Trainee: 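Pasting in a structure now, in structure tokens, and then I'll have a few things to ask.
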Amino acid sequence: MESYQEWYREAVGLENRGRMSDATKQYEKLVGIEVFMQIPELGRTARFFASQGSYREAFKFAEEGLKKGGGAEEFVPVCIEALEHIGESPSGKGPYLPDILEQILKLPGSERLLEQQLKASQMLFRYDHPVWSWRLAQSLLSRLEHDFNRYASESGLYIQTLLHLIKLYYSINRMTQARLYLRRLLSLEESFFKDVETLAKWSLLLDETPMLVKRPDWPRLQIKLGRDTRFLCGLFHCIATKQRQKLPEYQEALQGYKCEDQDLANKLPVLRSMTDLFAQSSEWGEGIEALIAERPYDRLLRQLVDKRGRGHISGLENESKVQLQMLDSPAYVKTQWDNRHAGQACKNRRSLHDVNVVFFGGGERIGGTSILVTIGNSSLLLDAGLHLNEDYPFPDYSRAGGVEMFTRLDALLLTHAHMDHIGSLPYVHGLNRELPIYATEPTIRLMRPMLRDLVKTTPGSSSSIYTDELVQSALHAIQTVDFGEAFTLPSKSDGHWEIEYFPSGHILGAGAILIRKDGATVLFTGDFSMEPQKTVSSLLLPENLEVDVLITETTYGYLPPASALPREMKEELLVQSVMKTIDKNGCVLIPSFSLGRAQEVLLTLQHAYRNEPFLPFDLYLDGRAVDITRVYQQYAVQGRYIKPDCCPAGEEDAYFFGRGVLLANDHYRGAGFPDFVRDLSRNGRSVVIASSGMLMDGTMSAAYAEHWVEDDRNSIIFSGYLDYRSPGAKLLAASREQFNPRVIVNGKEKELRANVGAASLSAHAGREEIVQLALSLQPQYILLMHGEHDKRYTPPHSIRTDDLIYPSVTELLEGAFGKTKVIPAFNGESYSFM
């Protein structure tokens with residue numbers, strides 16, 4: 001194909017002389033023979049076609065340039081620009097947009113093209129791929145935050161990425177996360193305010209305009225606004241500065257005002273109601289219920305109604321879910337508390353002078369949960385967890401008299417079978433073998449395989465702390481309780497306790513514990529979830545439950561969440577991430593916590609293909625998760641404790657271990673693990689769910705990762721929480737910051753070529769859900785535990801010094817709950833209620 005070079009030279013000459021029409025005819029002769037061209041020729045031809053709007057041709061030449069090893073800096077921008085105009089597929093058929101973009105952005109050098117990554121994410125959102133758009137944008141933001149926070153570099157791209165994520169979250173009604181990102185921007189120093197118009201618009205749509213107009217530089221900023229935003233923000237400034245004499249002018253102007261921007265036009269009815277209300281007009285509430293039904297997630301509208309004491313709006317579906325998207329404001333939480341409190345008969349505030357709570361573990365950090373509740377002279381112990389990976393693993397019981405305390409205890413009540421809640425059970429049992437112990441039946445069944453890892457199997461084993469006899473004795477000492485069936489416990493000092501368990505929605509068998517004695521009522525939620533999972537439903541408490549003291553977890557109550565996607569979108573992200581690897585004939589490792597998370601991942605993959613006769617990949621289960629899943633399977637077959645719709649009626653045997661699920665150990669027991677993993681790699685199309693969830697050294701997930709991390713066909717997808725010090729967290733961070741970095745996996749240095757991602761399926765309540773629970777119960781005291789009380793979000797380069805950017809669960813509750821006292825609990829501290 002020597003003649004193409006003549007066409008190419010003539011085309012370049014015509015282009016250089018500005019004869020674009022003639023140049024186009026010459027360049028078009030090259031279409032179809034790009035495979036014979038050299039990289040520089042492909043680059044120039046691609047750029048020419050892009051400049052002329054011939055985007056399909058531009059993409060073909062740029063794609064060929066990348067295939068031949070051309071630089072990402074030269075060809076990726078052309079590809080992204082072309083795809084923005086082409087849409088789903090350059091050829092009109094074949095791979096869809098997320099696949100194409102992923103292939104382009106995985107090429108060497110693409111990791112430095114941050115602006116192109118943002119454009120790709122924006123494109124995915126525009127073409128209705130919100131999950132993939134979020135994944136790419138969230139990864140980009142993680143990279144940008146570090147440099148912006150420390151050096152204020154890439155500020156423009158950082159701001160544009162936040163604005164893109166605000167738009168994405170707004171579109172899926174995740175308002176709390178959208179407002180968090182907007183407040184970050186509204187708090188920035190004036191030097192970063194380049195696009196005031198866009199920020200003002202989002203402030204109006206997300207009800208954060210007061211934060212904007214109260215800035216000290218507002219007089220300078222408002223000059224940069226357009227007609228609509230200047231007028232509407234001026235209204236908020238008028239109200240914020242209490243210039244009531246100007247309200248009639250705004251009230252009159254709003255009646256006939258027409259916005260050029262359609263989004264703001266949709267907001268006008270709400271702003272009219274606000275102005276009428278503040279102007280003390282009787283017309284403010286006209287059509288208000290219809291307006292709320294039309295705009296249920298409008299926090300300003302709801303605040304207006306709540307301030308007037310109208311309470312809940314009739315006929316509004318999903319009221320609980322809607323309210324969650326508004327409970328990120330201390331002012332709104334206070335309004336909700338006041339309305340609910342006023343709507344109820346005044347509670348008899350019982351004297352709690354004889355109630356005392358001591359935290360031996362699980363207070364200001366996760367691990368070793370164990371809580372002493374004393375009423376009068378009677379005491380109960382709630383949970384007996386273990387501090388994992390610490391020199392002294394047991395809770396510090398010295399605060400309450402040490403060993404002697406256990407002879408005075410009336411009972412030990414266990415919430416669920418995670419090690420940070422039951423790992424010290426044999427230790428406590430060994431101190432007093434007569435101590436009554438209570439747990440639900442599934443919790444007892446699950447504790448057997450969980451505690452097995454702590455049994456001494458060899459002399460001097462550092463990871464084993466119990467004898468088999470002690471563990472078995474402790475398990476035999478546990479008495480079974482069932483959900484919703486109250487029972488009494490005799491007290492060694494006087495009277496008796498009334499105890500009742502309710503499903504907490506965290507894992508199989510997990511329960512919240514209601515305790516009553518001498519007129520006082522204490523509720524310990526344990527770990528709980530307000531969002532139903534595949535295997536278990538959410539926290540289920542009786543209606544109109546009255547509680548004096550609420551002890552609740554705050555695992556996700558103190559820091560902004562890494563993911564605010566709805567659960568169904570997280571599940572979609574997991575399934576699609578798996579299939580992208582399977583379609584490349586690769587293998588997928590999903591590190592999972594053995595209890596709870598592994599079973600959720602397993603069912604998520606099975607449910608995605610429940611209408612297919614077979615799974616489109618081999619699905620293996622490995623590690624401690626196998627024994628745990630057997631317990632889940634047994635309860636599913638029995639139709640007990642597991643959600644009824646977990647498995648289709650009549651197909652209970654087909655789930656968990658059915659539908660082709662394989663036990664990895666059965667396959668490598670004879671041949672050996674290395675040969676088994678090599679066979680999987682050679683054949684591809686395999687998914688392995690293995691513990692541990694954080695890829696800790698010496699675990700089965702780390703063993704698989706060691707073999708698969710250097711193959712770019714493979715993927716590692718984390719499914720849950722990652723401690724920042726864990727190998728999993730370091731691997732994920734390295735994948736976002738560098739191209740093919742060197743990493744440590746299972747104690748060995750490897751080159752990271754596999755795809756690494758995360759699709760967290762949380763089983764803990766979020767910040768707003770904790771607040772919602774407190775609102776519904778209205779206790780006299782709230783003890784917050786199982787969280788990181790001292791952590792706060794500090795916005796970078798901010799003009800603010802308060803905590804309004806991301807108020808913690810404590811800050812949302814404090815000052816909003818009237819006479820209710822909110823107490824962040826700390827280990828070793830004793831709390832009395834006078």
Side-chain angles (χ1 to χ4, degrees), residues 320 323-324 327 330 332-359 362-363 371-376 380 382 413 415 486 497-502 504-505 511-528 530 539-555 557 765-787 789 808-826 829-834:
S320 178
Q323 186 193 63
L324 281 176
L327 293 176
Y332 186 82
V333 173
K334 182 172 180 9
T335 300
Q336 286 293 308
W337 168 265
D338 292 343
N339 284 347
R340 290 174 185 238
H341 193 66
Q344 296 182 0
C346 185
K347 287 184 178 180
N348 294 321
R349 298 186 69 83
R350 305 177 184 88
S351 172
L352 302 176
H353 68 277
D354 59 349
V355 179
N356 182 264
V357 179
V358 179
F359 285 80
I371 305 166
L372 182 71
V373 175
T374 301
I375 300 179
L380 292 173
L382 307 180
L413 308 179
T415 58
W497 303 85
E498 293 181 9
I499 309 295
E500 193 166 1
Y501 275 63
F502 299 100
S504 69
I513 305 175
L514 185 67
I515 302 166
R516 292 188 176 99
K517 191 177 190 300
D518 301 339
T521 303
V522 178
L523 177 68
F524 176 41
T525 65
D527 293 352
F528 75 102
M530 299 293 280
L539 173 71
L540 183 60
L541 297 175
E543 291 186 11
N544 303 317
L545 178 64
E546 292 191 4
V547 172
D548 299 311
V549 179
L550 171 64
I551 306 173
T552 181
E553 69 142 320
T554 56
T555 307
R767 178 185 62 160
E768 291 78 22
E769 290 170 319
I770 299 166
V771 172
Q772 189 178 54
L773 176 66
L775 278 171
S776 67
L777 295 176
Q778 296 189 5
Q780 294 187 51
Y781 293 88
I782 302 173
L783 287 167
L784 303 175
M785 45 84 66
H786 204 275
H789 306 334
S808 70
V809 68
T810 306
E811 289 149 351
L812 285 172
L813 296 177
E814 283 179 341
F817 272 40
K819 295 182 180 180
T820 293
K821 185 169 180 58
V822 181
I823 305 171
F826 286 82
E829 295 297 321
S830 175
Y831 300 94
S832 299
F833 314 106
M834 300 298 183

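Heavy-atom basis, side chains included; hydrogens, waters and symmetry copies ignored. Not measured: the values here are computed from a predicted model.
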Trainee: If we only count heavy atoms from C-beta on, is the Val549 to Val373 side-chain gap below 4.5 Å?
Mentor: no
Trainee: Is any side-chain heavy atom of Ile513 closer than 4.5 Å to one of Leu380?
Mentor: no
Trainee: Would you confirm whether Thr554, through its side chain, and Met785, through its main-chain N or O, come within 3.5 Å as a donor-acceptor pair?
Mentor: yes
Trainee: Out of curiosity, Leu413 CG to Leu514 CG, how far, rounded to the nearest 0.5 Å?
Mentor: 11.5 Å
Trainee: Within the structure provided, determine whether Glu546 and Thr521 are in side-chain contact (heavy-atom separation under 4.5 Å).
Mentor: no
Trainee: Could you state the interatomic distance from CD1 (Ile371) to CZ (Phe524), rounded to the nearest 0.5 Å?
Mentor: 4.0 Å
Trainee: Could you check if a side-chain atom of Gln772 sits within less than 4.5 angstrom of a side-chain atom of Leu324, using non-hydrogen atoms only?
Mentor: yes
Trainee: Would you name the heavy atoms of Gly526 and Thr415 that are closest together and state the gap between them?
Mentor: CA-CG2, 4.1 Å
Trainee: Among Thr552, Thr525, Ile782, which residue satisfies the side-chain contact (heavy atoms from CB on, under 4.5 Å) criterion with Ile770?
Mentor: Thr552
Trainee: Rounded to the nearest 0.5 Å, what separation is found between the CD1 atom of Ile515 and the CG atom of Asp548?
Mentor: 12.0 Å
Trainee: My understanding is that only residues two or more places apart in sequence, or in another chain, count here; which of them pass ring pair (Phe, Tyr, Trp, His ring centres under 6.0 Å) with Tyr332?
Mentor: none
Trainee: Enumerate the salt bridge (charged side-chain N to carboxylate O under 4.0 Å, His left out) contacts for residues 516-526, please, sequence neighbours excluded, ordered by first and then second residue.
Mentor: Asp494-Lys517
Trainee: Which atoms form the tightest heavy-atom contact between Ala774 and Pro779, and what is the distance?
Mentor: O-CD, 3.7 Å
Trainee: Scan side-chain atoms only and decide if Asn356 and Ser830 contain a donor-acceptor pair under the 3.5 Å cut-off.
Mentor: yes
Trainee: To the nearest 0.5 Å, what is the distance between CG (Leu783) and CD (Glu553)?
Mentor: 14.5 Å
Trainee: Can you name the nearest heavy-atom pair linking Tyr501 to Gly511, along with the distance?
Mentor: CD2-CA, 4.3 Å
Trainee: How far apart are the C-alpha atoms of Leu327 and Leu775, what are their side-chain angles, what is the distance that settles it, and do they pass the side-chain contact (heavy atoms from CB on, under 4.5 Å) test?
Mentor: CA-CA 10 Å; Leu327 293 176; Leu775 278 171; 3.9 Å; yes
Trainee: Using modelled atom types only, decide if a donor and an acceptor are shared between the side chain of His789 and the backbone of Leu784 within a distance under 3.5 Å.
Mentor: yes
Trainee: Of all heavy-atom pairs between Val333 and Leu812, which one has the smallest distance, and what is that distance?
Mentor: CG1-O, 3.6 Å
Trainee: What pair of heavy atoms forms the shortest contact from Phe359 to Ala825, and how long is it?
Mentor: CE1-CB, 3.4 Å
Trainee: Measure the CZ-OG1 distance between Phe528 and Thr555 for me, rounded to the nearest 0.5 Å.
Mentor: 9.0 Å
Trainee: Does any non-hydrogen side-chain atom of Trp337 lie less than 4.5 Å from one of Thr820?
Mentor: yes
Trainee: Ser504 and Ala512: which non-hydrogen atoms are nearest, and at how many Å?
Mentor: CB-N, 3.8 Å
Trainee: Rounded to the nearest 0.5 Å, what separation is found between the CD1 atom of Ile551 and the CG atom of Leu523?
Mentor: 8.5 Å
Trainee: Under 3.5 Å, is there a donor on one side chain and an acceptor on the other for Glu811 and Ser808?
Mentor: yes
